[in-house]
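Indexing begins at 1, ligand by ligand and atom by atom, following the structure's order.
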Amino acid sequence: MAKPTVVLLPVWGAGHFMPMIEAGKRLLRGSGGALSVTVLLMPAPTPDAAVDIAAQVKREEASGADDISFRHLPAVDMPTVHTGIEEWVSLILRSHGPHVRAAIAGLDCPVAALVTDIFCTPALDVAAELGVPSYVYFTSGAVMLELLLYSPVLDEEVPGEFSEMDGALNIPGLPPVPPSVLPATMLHKKKMSTYRWFLETGRCYMKATGFIVNTAAELEQSVIDAIADGRCTRGVPAPTVYAIGPVIALTPPPEQPHECVRWLDAQPPASVLLVCFGSKGLLPPPKVREIAAALERSEHRFLWVLRGPPKDSRPGQRVPTDAMLDELLPEGFLDKTKGRGLVWPTRAPQKDILAHAAVGGFVTHCGWNSILESLWFGVPMLPWPLDNEQHANAFLLVSVLGVAVPLRLDRERDNFVEAAELERAVSTLLGGGDGEAGRKAREKAVAVKAACRKAVEKGGSSDAAFQRLAEEIRRGAVNVPKKRN
Ligand SMILES: COc1cc(-c2[o+]c3cc(O)cc([O-])c3cc2O[C@@H]2O[C@H](CO)[C@H](O)[C@H](O)[C@H]2O)cc(OC)c1O
Ligand SMILES: O=c1ccn([C@@H]2O[C@H](COP(=O)(O)OP(=O)(O)O)[C@@H](O)[C@H]2O)c(=O)[nH]1
């Protein structure tokens with residue numbers, strides 16, 4: 001009989017698609033050959049994302065792994081009316097519901113589980129209808145998962161706006177949380193029409209069989225415990241959390257090192273500050289000017305990945321262009337920083353850069369994958385969150401893990417950071433400024449690197465969680481009826 005299959009339903013995007021495929025591959029290995037993986041591919045919303053995903057699928061198919069197969073779902077109409085990225089993705093998923101149902105029902109093997117992304121709650125209903133166990137693969141950390149699960153409680157506890165309340169929030173498993181680190185979706189209840197999405201998603205998650213989280217127990221133990229004990233869900237037991245990370249797709253370095261890596265080869269150890277704001281990282285001109293001023297004055301070495309404005313700014317369509325450096329940077333900046341700085345105007349190989357011994361610090365937008373990559377390579381951070389769950393991630397880095405030097409930003413001014421503040425924080429992080437704070441963050445980053453690596457080793461916490469998950473999934477396999485009455 002054919003092996004039971006785990007059906008993955010990933011969304012597009014650098015921080016979402018590959019991490020889920022990588023987790024699927026590790027699940028295959030963890031099952032000792034007892035399972036296969038079927039990936040359902042929703043057509044990507046932009047030509048760039050389509051090219052990206054096609055390349056990744058091609059690479060996986062070429063690798064010859066026969067236990068992983070890809071199936072294309074038909075196209076659906078893209079929503080034109082929506083309240084933001086959250087509803088946009090949810091609406092697309094809803095339109096795909098019948099296709100997902102038909103694809104699963106059409107499989108000629110038992111189905112062990114349906115694994116969906118953070119946004120794919122409509123797929124949980126499809127799984128329930130088919131009697132298939134369902135898991136949310138959380139491509140972000142457990143803190144964000146907790147915020148979603150706990151949001152209905154917070155909503156009752158704080159009837160007014162979070163942004164106007166005094167004091168800190170009491171969130172299980174975390175030190176007192178300043179409301180300013182909540183995602184924008186929560187922060188301005190009345191203004192943000194997606195606030196209801198947040199509460200409903202939290203409630204809907206309770207329908208899942210389990211949460212597979214790309215984190216390690218060593219990074220977020222107290223939060224994972226709070227979820228497991230039902231402290232976030234009014235005492236109702238939440239679906240089991242499997243902390244299986246860090247799941248990072250690492251590939252062997254190319255034969256011809258990238259130009260950024262060759263530049264790093266010529267720099268002293270731990271001397272370079274990496275500045276990169278993620279796959280969508282777009283900075284408006286005032287922020288570019290502040291960064292340039294800080295980098296020029298700090299006299300530290302830097303590698304700055306600077307992208308240009310997207311051609312299309314609609315949710316889900318925002319793809320940065322290559323930067324026109326002469327237009328974006330202040331006059332004379334490149335000349336004045338020549339030799340100690342490199343500004344890279346297009347996508348850079350971030351993992352290879354973070355892996356390089358010359359990198360000593362990372363100004364990051366706090367996307368979860370960037371954080372995991374930085375921790376994996378023991379690089380301390382300067383958190384400059386811009387959007388979504390990134391402020392909460394920054395809080396974790398500074399107030400729980402201690403691997404980052406805080407950067408004072410003005411959330412009311414679109415997360416603006418003054419040049420002098422950035423200059424101060426860079427000196428602290430790389431050495432030369434407030435010695436104690438920088439030294440602590442650097443030491444913690446080294447310790448957390450070791451903990452991350454241990455977690456995924458045989459017998460480590462994430463490896464053990466993977467084994468438990470693979471076993472639970474294998475046991476849950478069902479034969480999906482071909483036709484429903
Ligand atoms: C899938 O494509 C996109 C996802 C996001 C996005 O939006 C978002 C909205 C919220 O209200 C809360 C969130 O947590 C959230 C997260 C999110 O995706 C990103 O997740 C990544 C890791 O999986 C990473 O941490 C990023 O920093 C998050 O932004 C937004 C988006 O465009 C703006 C997408 O295209
Ligand atoms: O120039 C870049 C920018 C980003 N990335 C990668 O894109 C992913 C970004 O994911 P993250 O969750 O950090 O943020 P997002 O881009 O989803 O906001 C990470 O794996 C980065 O290594 C990269 O390789 N080069």
Side-chain angles (χ1 to χ4, degrees), residues 10-20 22-23 42 44-46 48-49 52 83-90 92-93 117-120 136-141 143-148 151 182-187 192-199 201-202 213-215 245-251 258 260 274-282 303-307 310 312-320 322-323 344-355 362 364-374 376-377 381 383 385-394 396:
V11 293
W12 340 265
H16 292 255
F17 188 82
M18 265 327 272
M20 197 196 261
E22 186 62 30
M42 295 181 276
T46 63
D48 295 79
D52 244 23
T83 54
I85 184 79
E86 300 89 347
E87 195 190 18
W88 185 75
V89 180
S90 299
I92 295 175
L93 259 294
D117 188 85
I118 302 180
F119 296 99
C120 302
V136 177
Y137 181 57
F138 219 76
T139 48
S140 201
V143 167
M144 178 60 194
L145 171 60
E146 177 177 40
L147 286 178
L148 280 158
S151 59
L182 294 177
T185 325
M186 287 186 83
L187 201 54
M192 298 297 287
S193 42
T194 44
Y195 180 66
R196 303 304 325 161
W197 169 89
F198 211 89
L199 302 188
T201 299
V213 189
N214 191 2
T215 190
V247 173
I248 301 173
L250 297 169
T251 44
H258 189 272
C260 290
L274 169 65
V275 184
C276 183
F277 288 85
S279 58
K280 308 200 176 66
L282 162 71
L303 197 173
W304 181 5
V305 183
L306 178 60
R307 310 299 307 272
D312 190 335
S313 307
R314 285 173 299 166
Q317 320 277 323
R318 211 176 69 167
V319 183
D322 290 353
W344 189 254
T346 184
R347 192 181 166 83
Q350 184 175 288
K351 283 177 273 197
D352 296 344
I353 292 170
L354 287 167
F362 180 17
T364 172
H365 75 311
C366 297
W368 189 248
N369 295 283
S370 295
I371 287 176
L372 290 180
E373 291 160 15
S374 203
W376 185 256
F377 293 111
M381 285 164 265
L386 300 175
D387 211 349
N388 307 328
E389 90 292 18
Q390 295 154 10
H391 290 86
N393 294 345
L396 177 79

Parallel, tilted or perpendicular: ring planes of Trp344 versus His258, cut at 30 and 60 degrees: perpendicular
Met18 and ligand 2 - part of the residue with a heavy-atom distance under 4.0 Å: neither
Side-chain heavy-atom pair Phe138, Ile118 within 4.5 angstrom cut-off: yes
Interfacing atoms of ligand 1 (cut-off 4.0 Å, heavy-atom, Gly15): 22 (C), 23 (O)
Side chains of Phe17 and Asp52 in contact at under 4.5 Å (non-hydrogen atoms): no
Note, Trp368 side chain near Thr215 side chain (heavy atom, < 4.5 Å): yes
N/O separation below 3.5 Å, Asn369 to ligand 2: yes
Enumerated ligand 1 atoms positioned under 4.0 Å from heavy atoms of Val11: 1 (C)
Side chain, backbone, both or neither: the part of His16 lying under 4.0 Å from ligand 2 by heavy atom: neither
Close-contact set for ligand 1 against Gln390 heavy atoms, below 4.0 Å: 26 (C), 27 (O), 29 (O)
Ligand 2 atoms in contact with Gly278 (distance to a heavy atom under 4.0 Å): 3 (C), 4 (C), 16 (O)
Side chain to side chain, Ile248 and Phe377, heavy atoms closer than 4.5 Å: no
Close-contact set for ligand 1 against Ile85 heavy atoms, below 4.0 Å: 7 (O), 30 (C), 31 (C), 32 (O), 34 (C), 35 (O)
Ligand-residue contact atoms, ligand 2 with Trp368, heavy atoms, under 4.0 Å: 12 (O)
Check: Cys366 and Ile371 side chains under 4.5 Å, non-hydrogen atoms: yes
Atoms of ligand 1 close to Gly367 [distance to a heavy atom under 4.0 angstrom, numbered from 1]: 24 (C), 25 (O), 27 (O)
Protein residue, atom and distance nearest to atom 14 (O) of ligand 2, heavy-atom basis: His365 NE2, 3.1 Å
Close N or O approach (Arg307, ligand 2; < 3.5 Å): no
Atoms in ligand 1 flagged as close to Met144, the criterion being non-hydrogen separation under 4.0 Å: 12 (C), 13 (C), 14 (O)
Sidechain-backbone polar pair: Lys351 side chain, Ala249 backbone, donor-acceptor under 3.5 Å: yes
Within-cut-off N or O pair, Ser279 and ligand 2, under 3.5 Å: yes
From Cys260 atom SG to Gln350 atom CD, the distance as rounded to the nearest 0.5 Å: 11.0 Å
Protein residue, atom and distance nearest to atom 1 (C) of ligand 1, heavy-atom basis: Trp12 O, 3.6 Å
Residue portion contacting ligand 1 (non-hydrogen atoms closer than 4.0 Å) for Thr185: side chain
From the candidates Ile371, Asn388, Asn393, Leu386, the one that places a heavy atom nearest atom 6 (C) of ligand 1: Asn388
Any N or O of Pro349 closer than 3.5 Å to N or O of ligand 2: no
Asn369 touching ligand 1 at heavy-atom level, < 4.0 angstrom: yes
Where ligand 2 meets Ala14 - atom numbers and elements under 4.0 angstrom, heavy-atom basis: 7 (O)
Residue, atom name and distance, where the atom is the protein heavy atom closest to atom 35 (O) of ligand 1: Lys280 CE, 3.2 Å
Close N or O approach (Ser370, ligand 2; < 3.5 Å): yes
Test item: Arg347 and Pro320 side chains (from C-beta on) under 4.5 Å apart, heavy atoms: no
4.5 Å side-chain heavy-atom contact, Tyr137 and Asn214: yes
Proximity flag Cys276 to ligand 2, non-hydrogen atoms under 4.0 Å: yes
Atoms in ligand 1 with a heavy atom of Trp368 nearer than 4.0 Å: 24 (C), 25 (O)
For atom 22 (O) of ligand 2, closest protein heavy-atom neighbour: Glu373 OE1, 2.6 Å
Phe119 touching ligand 1 at heavy-atom level, < 4.0 angstrom: yes
Those residues that, when tested against Glu87, pass salt bridge (Lys or Arg N to Asp or Glu O under 4.0 Å) (two or more places apart): none
